[in-house]
Amino acid sequence: MEAQKVEQLQAFVAYCRSNPSALHHPSLSFFTDYLHSLGARIPPDPTPGHMKMESDSGTAAAEEDYVGEKFDRAAESAGDEDEIVESDLELDGGELVVPDDDDPPQKMGDPSVAVSDESRDAAQACKAKAIDAVSEGKLDEAVEHLSEAILLNPTSAILYATRASVFVKLKKPNAAIRDADEALQINPDSAKGYKSRGMAKAMLGRWEEAAKDLHLASKLDFDEEIDSVLKKVEPNVQKIEAHRRKYERLRKEREMKKAQLERQRRRAEAEAAYERAKKEQTARSKASDPEVNDPAAAAALQDGNVISIHSSSELETKFRAASNLSRLVILYFTATWCGPCRFMAPLYKSLAEKHPRIVFLKVDIDELGDVAHRWNVNSVPTFFFVKNGKEIDKVVGADKNGLERKIALHAGESENQVEEEPVEHAPGE
């Protein structure tokens, strides 16, 4: 097992030791199942009050930190794994390449000097001697004659280009490039200048620059020597361009991958933060929900049902339970012999089903006359609306529309009060 993973596992175990409640988080259920299968004892979940909220918040924070660390490691891993190391490029044309010549720069003419006709003629004579020397293989002597000609006529591009071509034959590419540059400065359309410089750059392995100069020379004045050199240079240029495109693509893919990881990290952190806030809000809502803190009272009110009351003490018990849960109570006084009561009974039952968070009580005045007396019931059916043990409204008679209207009014007020501290509502409200 990798050392880094072992360290992460050790850190997780240390966290669980200091905060055992984290083991009860739903995302770790697989882990607790595994611990149970080994016979381990998991500490109970401290659900009540702020302990649960603190546990959930701590776990959510740990998850959020883990998400950040996870993507940081992924980004580092991507950077390490995708670090672009260009492979060596195998090129042809090795026979063209020569070592750099490090001779002192050759003599150059002064372009500001006024050239007379006699100087031009003398320069031409020196050039002719140089050409004869080249034909005899006396290249150094040819350079001397051409240098003398350049000093006599420093404005002649052909003299520099010719000496550059001799330096190419001498395998002195840097000297050839200096002369070719001078020739092209004087005459930008010097085919011989481009040819000599292109061949010199090929000798230095500067394949792309060589190809560019040789193509220009070929357009200006094609010859077979240029074509021969291009056939050796161009395959290398194609390899270099393909190599460059490959690694440009790989670098672009690496940057895109890193950007994608960064977007995923930010999205995951935002989702973790949202889940954390959501869990904290849920924990606070549960902690402040009276029905969660008083489940016995909630059970006693039988949501969605009409509760028949058979004693004064039972009535008081229901009122206390409703007050503990901030529930609206409707107290319905009826009698078995009452025709309008029989008309209202099905409606009352359907309203109880429709409003499960309102407490619907029913008292028979013949069974609990003392209760009816205390509530000053003079006729049936009578419906009292009670909140926190106090009468807030009533409906007398079989007024179906009036009863529904009052329920809608007071049920809305009750629900608005509940919404001030968000809790999970039952369907139908």
Side-chain angles (χ1 to χ4, degrees), residues 82-108 130-131 134-135 137 139-140 142-143 146-147 150 156-256:
D82 298 339
E83 188 65 33
I84 304 299
V85 179
E86 294 191 18
S87 61
D88 293 333
L89 185 59
E90 294 184 5
L91 300 174
D92 300 324
E95 70 276 8
L96 293 177
V97 179
V98 299
D100 278 3
D101 51 312
D102 53 3
D103 294 344
Q106 61 270 33
K107 296 177 181 179
M108 296 290 186
I131 292 172
V134 169
S135 64
L139 300 180
D140 290 327
V143 168
L146 288 168
S147 297
I150 287 170
S156 172
I158 191 63
L159 292 177
Y160 283 106
T162 303
R163 188 170 69 172
S165 67
V166 177
F167 280 130
V168 168
K169 295 179 183 296
L170 286 169
K171 300 189 185 308
K172 294 184 177 182
N174 288 316
I177 291 171
R178 287 192 290 269
D179 272 350
D181 287 343
E182 193 68 28
L184 292 168
Q185 188 173 353
I186 297 170
N187 178 14
D189 294 325
S190 171
K192 197 164 189 176
Y194 282 119
K195 175 183 175 181
S196 298
R197 190 170 70 178
M199 295 178 69
K201 288 180 176 179
M203 290 180 175
L204 295 173
R206 292 156 60 177
W207 306 109
E208 291 173 291
E209 296 176 36
K212 181 180 178 181
D213 280 344
L214 290 170
H215 278 296
L216 285 171
S218 183
K219 287 180 181 179
L220 293 167
D221 186 13
F222 175 81
D223 67 39
E224 293 183 358
E225 187 177 19
I226 295 174
D227 186 57
S228 174
V229 176
L230 273 174
K231 287 179 180 178
K232 296 177 181 179
V233 170
E234 284 186 322
N236 287 341
V237 173
Q238 293 169 2
K239 288 181 181 180
I240 291 169
E241 290 175 347
H243 182 83
R244 184 183 296 117
R245 285 194 300 269
K246 172 186 174 181
Y247 284 96
E248 285 176 354
R249 175 178 53 80
L250 290 176
R251 290 187 184 94
K252 186 175 181 180
E253 289 175 355
R254 181 185 63 175
E255 293 305 316
M256 291 174 63

Roughly how far, to the nearest 0.5 Å, is the [atom2] atom of [Y] from the [atom1] atom of [X]?
X	Y	atom1	atom2	result
Phe167	Asn174	CZ	CG	11.0 Å
Leu214	Lys195	CG	NZ	9.5 Å
Arg244	Glu208	CZ	CD	4.0 Å
Ser156	Asn187	OG	CG	9.5 Å
Met199	Lys171	CE	NZ	9.0 Å
Gln185	Ser190	CD	OG	12.5 Å

Tell me whether [X] contacts the main-chain N or O of [Y] through its side chain, where contact means a donor paired with an acceptor under 3.5 Å.
X	Y	answer
Gln106	Ala175	yes
Tyr194	Lys212	no
Asp101	Asp103	no
Thr162	Ile158	yes

Can you name the closest pair of heavy atoms from [X] and [Y] and give their distance?
X	Y	value
Val237	Trp207	CG2-O, 3.5 Å
Ala180	Gly193	CB-O, 3.4 Å
Ala161	Ala183	N-CB, 3.8 Å
Val168	Ser196	CG2-O, 3.7 Å
Pro173	Ala200	CB-O, 3.4 Å
Ala191	Leu220	CB-CB, 3.7 Å

Determine whether [X] and [Y] make a side-chain contact, defined as any pair of heavy atoms from C-beta on separated by less than 4.5 Å.
X	Y	answer
Glu209	Leu204	no
Asp179	Arg197	no
Asp140	Leu170	yes
Lys172	Arg178	no

For this session: Could you walk me through whether Glu248 and Lys252 pass the salt bridge (charged side-chain N to carboxylate O under 4.0 Å, His left out) test, one step at a time?
Result: CA-CA 6 Å; Glu248 285 176 354; Lys252 186 175 181 180; over 6 Å; no
